[in-house]
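Report on one structure; see the data block that follows.
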Amino acid sequence: MSIAFAFVLFVRPDSGAVSLATVFGLFSIVDGVSAVFASFEERSRRTDPRRSDPVSA
């Protein structure tokens, strides 16, 4: 499968570049959104006095 993909990229590098840019862009968006949600979750853990689990600094 990798050899076939490499051959397609060799024959049509423009479509390969567009698809790689799309994949990296989507990954960056998903990673950024998950980081924002994780930061809000961490902030709520640090400020909520009802939580009993210890928070390491």
Listed partners of T22 passing side chain to side chain contact (heavy atoms under 4.5 Å, CB included), at least two apart: V18, L26

Gap between atom OG of S19 and atom CG of D14 - 0.5 Å precision: 9.5 Å

Between OG on residue S2 and CZ on residue F7, distance to nearest 0.5 Å: 15.0 Å

